[in-house]
Amino acid sequence: MTSRRFETKHSPLRRQLLQGGAAAVALAAAARFGAAAGSARKRFPKGFLWGAATAGHQVEGNNTNSDLWYLEHVKPTLFAEPSGDADDSFELWQVDLDIARSLGLNSFRFSLEWSRIEPEPGEFSIAMLDHYLRIIEGCRARGLAPMVTFNHFTVPRWFAARGGWTNPEAPSLFERYCERAARHLAGPISHATTLNEPELLRLLDWAGLPPAMLDVQSAMLDAAARSLGVAKFSSANSANHEDFDALQAGFLEGHRRGRQAIKAARPDLPVGVSLAIVDDQAVGERSRRDEKRAQVYGAWLEAVKGDDFVGVQNYERARIDEHGPLPAPDGVPRNSMGSEIYPASLANAVKYVHEQTGRPIIVTEHGLGTDDDAQRAAFIPAALAPLADVIAGGVPVLGYVHWTLLDNFEWIFGYKPHYGLCSVDRKTFKRTPKPSAQVFAAIARANALA
Ligand code: FCB
């Protein structure tokens, strides 16, 4: 299976690495952004975790018992296309771990699919728990510290059909699932996170979603509820505005109880939550920046104070004046989605979260959606150089996990956006590392920037 899809021993990636290709690409990359090149070699702390991330629904395929599978097929739907086979990582996870190892990484982040583990309320699948245990042990066998996200957006369809996270019983349902999963899996896990980006909807709300999109979302949720004959179908990232407070309350209590359940299974296992943090920059004296920060992150920056670490996920900056977010400045480099490429945002986001919480940080996601891999190759070292400076300045950052290992199903946008270090053939599922993977591998192996 492994050799059919990814030649670990004699892959083009390895060959290019041996020929010094990575160094050349990294240099060109650094020169492009004017970062790292010419500056002293920037080292990362000993034992720093270098990883790549995936999420179940985005790569496994055929996640048919999940809320999103249902929403992808209802009419109308907000999803550009269904997730289908995704990258077939449910079968090919060993290939994925082999790639991570071949890149010289020492950690791997992935998520459990709750809807496979608990297909009906209170009914747990030992076979599925064993499946995830094999992946966790597969990480260990390859020298990859397994970072496990207990819930990355998707929930079982039955959970969504009971009102999802807005249901007052949601936190105890999540607690029961975490308790059962942790009892089976916690032993060999290196780091656990309860939830992924639970404040994303408020963040998107500040970015200003098009009203037409919100109308389709609302019609999609109504159609799902109607076809299942339930009062309300609610999903982590598809929820109407009036549900935001209930959603946040459910997530906050869910995180607290989930953490408790995981800790009960293994008290020494580091547990946190991954937060979506934009580098928010104030423009002008009356900027609404702090209002945004209070609304989006406020409750979470309090909630994580009892956690072992905070997962920071950053993709961009936002400039905010007295009216709200500003468009990107003219002439800046842009990614495939048209957003500004701004490498310094990661270090700023990390610094902000540490200042606010005092907790150690793991960058659990950071990456670039682009069809031009040279942009990614340039972006990685350009973002890591200021991160190294922040670490040298005293912020405890334990690791950097790149989003993502493979091009995959990017939620409502389908398969069009490409965030992967590897491309994936949609018919054969063959994975092919891109040149940016070499750049990242060279940094991880050296534990330093050239
Ligand atoms: C993050 C999500 C991740 C992926 C990246 C591009 O918000 O956590 O699943 O979609 O964005």
Side-chain angles (χ1 to χ4, degrees), residues 51-61 63 66-69 71-72 78-81 83 86-87 89 96 108-114 147-155 193-207 209 235-239 251 255 272-279 296-297 300 310-318 334-342 345-346 349 353 362-371 375-376 379-380 383 400-424 436:
T54 63
H57 191 72
Q58 294 179 272
V59 296
E60 285 182 354
N63 192 19
S66 65
D67 59 337
L68 293 194
W69 184 273
L71 293 180
E72 288 159 21
L78 204 52
F79 287 82
E81 55 188 319
S83 51
D87 292 339
S89 288
D96 298 345
F108 185 74
R109 175 177 179 244
F110 70 99
S111 75
L112 310 176
E113 274 305 324
W114 183 358
M147 285 188 196
V148 177
T149 310
F150 275 61
N151 180 240
H152 194 122
F153 297 156
T154 31
V155 295
T193 48
T194 53
L195 302 167
N196 183 72
E197 300 186 341
E199 15 69 284
L200 183 62
L201 274 189
R202 274 185 204 265
L203 195 63
L204 294 176
D205 196 37
W206 262 86
L209 295 179
S235 206
N237 289 328
S238 297
F251 275 139
H255 168 60
V273 58
S274 288
L275 301 179
I277 308 286
V278 169
D279 170 19
V296 178
Y297 317 119
W300 285 100
V310 188
V312 169
Q313 313 203 147
N314 171 268
Y315 288 87
E316 58 200 351
R317 74 160 169 173
R334 289 173 190 266
N335 64 25
S336 300
M337 312 276 278
S339 313
E340 179 187 10
I341 301 179
Y342 188 78
S345 69
L346 175 66
V353 172
I362 299 179
V363 176
T364 45
E365 281 184 27
H366 170 258
L368 188 65
T370 180
D371 294 332
Q375 285 188 327
R376 183 176 300 100
F379 182 68
I380 293 172
Y400 170 91
V401 179
H402 190 77
W403 182 268
T404 177
L405 185 69
L406 309 172
D407 286 342
N408 62 37
F409 180 70
E410 182 52 31
W411 312 113
I412 58 170
F413 303 107
Y415 289 96
K416 197 153 175 271
H418 295 132
Y419 282 85
L421 293 167
C422 302
S423 60
V424 179
S436 59

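Start at 1 and go down the list; that is how both ligands and their atoms are numbered.
Side-chain contact annotation: E113 with T154, donor-acceptor N/O pair under 3.5 Å present.
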Under 3.5 Å: N or O atoms of ligand 1 paired with protein N or O:
from, atom 1, to, atom 2, distance (Å)
ligand 1, 7 (O), E197, OE1, 2.5
ligand 1, 7 (O), E197, OE2, 3.1
ligand 1, 8 (O), H152, NE2, 3.3
ligand 1, 8 (O), N196, ND2, 2.9
ligand 1, 8 (O), E197, OE1, 3.4
ligand 1, 8 (O), E365, OE1, 3.1
ligand 1, 8 (O), E365, OE2, 3.0
ligand 1, 9 (O), Q58, OE1, 2.8
ligand 1, 9 (O), H152, NE2, 2.8
ligand 1, 9 (O), W411, NE1, 3.2
ligand 1, 10 (O), E410, OE1, 2.9
ligand 1, 10 (O), E410, OE2, 2.9
ligand 1, 10 (O), W411, NE1, 2.9

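Formation of a donor-acceptor pair under 3.5 Å by the R317 side chain with backbone atoms of D279 is not found in this model.
S274 meets the side chain to side chain donor-acceptor pair (under 3.5 Å) test with Q313, T364; sequence neighbours excluded. Judged as a ring pair (Phe, Tyr, Trp, His ring centres under 6.0 Å), and not counting sequence neighbours, the contacts of F409 are H57, Y415. Residues passing the ring pair (Phe, Tyr, Trp, His ring centres under 6.0 Å) test with Y315, sequence neighbours excluded: Y419.
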Q: Tell me, with the steps shown, if F379 and H402 meet ring-ring contact (aromatic ring centres under 6.0 Å, His included).
A: CA-CA 11 Å; F379 182 68; H402 190 77; 7.7 Å; no
